[in-house]
2 protein chains.
Amino acid sequence: MNDIDTVVERFREAGMKITPQRLSIFALLMDNKDHPSAENIYHQVLEIHPSISFTTVYKTLQTLRDLGEINELSVDPERAHYDPDVSEHYHAFCRSCRGIRDIFPGESSSFSSELPELEGFRVQSVQVAFTGQCEECS
Amino acid sequence: MNDIDTVVERFREAGMKITPQRLSIFALLMDNKDHPSAENIYHQVLEIHPSISFTTVYKTLQTLRDLGEINELSVDPERAHYDPDVSEHYHAFCRSCRGIRDIFPGESSSFSSELPELEGFRVQSVQVAFTGQCEECS
DNA sequence: TTCTCTGCAAATCGTTTGCAGTAAA
DNA sequence: TTTACTGCAAACGATTTGCAGAGAA
């Protein structure tokens with residue numbers, strides 16, 4: 001995710017408006033390493049905007065995703081999680097606590113960081129998801 | 001997925017019963033390379049058992065998954081797909097036709113076939129999903 | 001007979017949408 | 001003023017569950 005000023009600029013360029021709710025969502029996501037769900041984000045923004053609706057959070061996340069500012073992860077079969085780090089990296093999902101940890105190429109020897117070439121398929125994105133148990137849950 | 005006799009044996013050993021419905025589902029999955037959804041399987045079994053319910057299909061898939069006979073894929077954010085091939089391989093998911101193609105290690109140079117070691121995480125499975133557009137949809 | 005499975009119907013839950021009032025530009 | 005956004009309430013759709021009758025062992 002770009003810095004807030006850049007995100008704001010991109011919204012304006014696209015003819016979209018900047019609202020206090022959106023600014024709070026941007027701020028919450030910025031540098032967030034927790035891979036929150038829409039519900040997580042909603043509950044956190046509630047502290048700042050007690051009357052914000054889930055719908056607003058949901059639609060803002062959709063927009064950010066469509067702009068490529070954040071990634072929507074499908075690692076957790078029960079719900080989507082969001083990641084403001086759109087650089088090449090992978091995820092370790094703990095079945096027990098449903099936590100998601102970042103894995104950077106190099107940390108796992110057997111996965112390189114190059115976008116692969118596939119015969120007869122135009123690859124737009126790659127998701128590598130390790131599922132298992134984190135240290136705390138073992 | 002093991003051959004049908006072995007699957008039947010495993011069910012019996014676990015105190016579970018073998019029904020005509022289950023046998024048809026086993027047969028449909030065996031060597032199936034289509035990565036069907038539960039709904040797909042349900043519609044196919046309907047031809048053989050016109051009164052089978054979705055619930056029965058659903059519960060059988062759960063059981064097969066829990067036994068490790070099939071994998072439940074979360075490549076498609078809209079629904080689960082099932083794969084009787086539980087050997088190490090990856091998937092290419094086409095956003096347009098929602099089709100899933102198998103990718104075997106070696107076909108994609110940048111992903112090896114070894115189960116990786118991650119510091120402080122017990123890896124139980126790895127899902128590598130390439131999302132994009134297949135040849136037919138391009 | 002015993003115990004699991006089947007099929008129905010309903011509940012669940014994350015996600016998505018329509019719309020009227022609100023607020024940004 | 002114009003146009004997009006917010007929040008509500010309801011729809012949606014895949015998934016999951018409770019339960020009574022059916023069927024496998």
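Below, chain A is the first sequence line, B the second, and so on; all start at residue 1.
Counting any heavy atom pair closer than 4.0 Å across all strands shown, A:S37 reaches no nucleic acid atom. Within the nucleic acid shown, B:E39 has no heavy atom closer than 4.0 Å to any nucleic acid atom.
Taking the side chain to side chain contact (heavy atoms under 4.5 Å, CB included) definition, one finds that A:D76 meets it with A:E78, A:R79, A:H81, A:F93, A:R98, sequence neighbours left out.
For the pair A:F26 CZ and D:dC5 P, the interatomic distance rounds to 10 Å; values are reported in whole Å. Separating the OH atom of A:Y58 from the P atom of D:dA10 is a distance of 19 Å, rounded to the nearest angstrom. Taking atom OH of residue A:Y42 and atom P of nucleotide D:dT6, one finds them 14 Å apart after rounding to whole Å. Here D:dA14 presents its P atom at 17 Å from CG of B:L73, a figure rounded to the nearest Å. In this structure, A:I25 places its CD1 atom 13 Å from C1' of D:dG7, rounding to the nearest Å. Atom pair A:L46:CG and D:dG7:C1' shows a separation of 12 Å (rounding to whole Å applied). Distance A:M16 CE to D:dT2 C1': 18 Å, rounded to the nearest Å.
Out of D:dT16, D:dT6, D:dA24, the shortest distance to the side chain of B:Q62 is found at D:dT16.
Regarding contacts with the backbone of D:dT6, every side-chain N or O of A:T55 stays at 4.0 angstrom or more from both OP1 and OP2. For the pair B:R22 and D:dA24, the criterion of a side-chain N or O lying under 4.0 Å from OP1 or OP2 is not met. Between B:R79 and D:dT15, a side-chain N or O to OP1/OP2 separation shorter than 4.0 Å is absent.
Residues A:K17 and A:S53 each lie close to DNA chain D; by heavy-atom proximity, the contact nearer the 5' end of the strand is made by A:K17. Along DNA chain C, the nucleotide nearest B:H49 and the nucleotide nearest A:E78 are compared for position; the residue whose nucleotide lies closer to the 5' end is B:H49. Of the residues near DNA chain D, B:F54 and B:P20, the one whose nearest nucleotide (by heavy atom distance) lies more toward the 5' end is B:F54. Comparing A:E72 and A:I18 by the nucleotide of DNA chain C that holds the closest heavy atom to each, the one mapping nearer the 5' end is A:E72.
A side-chain donor-acceptor contact under 3.5 Å links A:N40 and A:S37.
In this pair, B:Y58 and B:F54 present their aromatic rings parallel. The plane angle is below 30°, not in the 30 to 60° band. Relative ring orientation between B:H35 and B:H91 is described as perpendicular, the plane-to-plane angle rising above 60° on a 0-90° scale split at 30° and 60°.
Put simply, the side chain of A:R122 never gets that close to the backbone of B:S138: no donor and acceptor are under 3.5 Å apart. The main-chain N or O of B:N2 is found under 3.5 Å from a side-chain atom of B:E69 such that the two form a donor-acceptor pair.
Among residue pairs with one or both ends in residues 2-29 of chain B, those qualifying as ring pair (Phe, Tyr, Trp, His ring centres under 6.0 Å) are B:F11-B:F26; sequence neighbours excluded.
Here the range on DNA chain C touched by chain A, meaning any atom under 4.0 Å from one of its heavy atoms, is C:dG14 to C:dA25.
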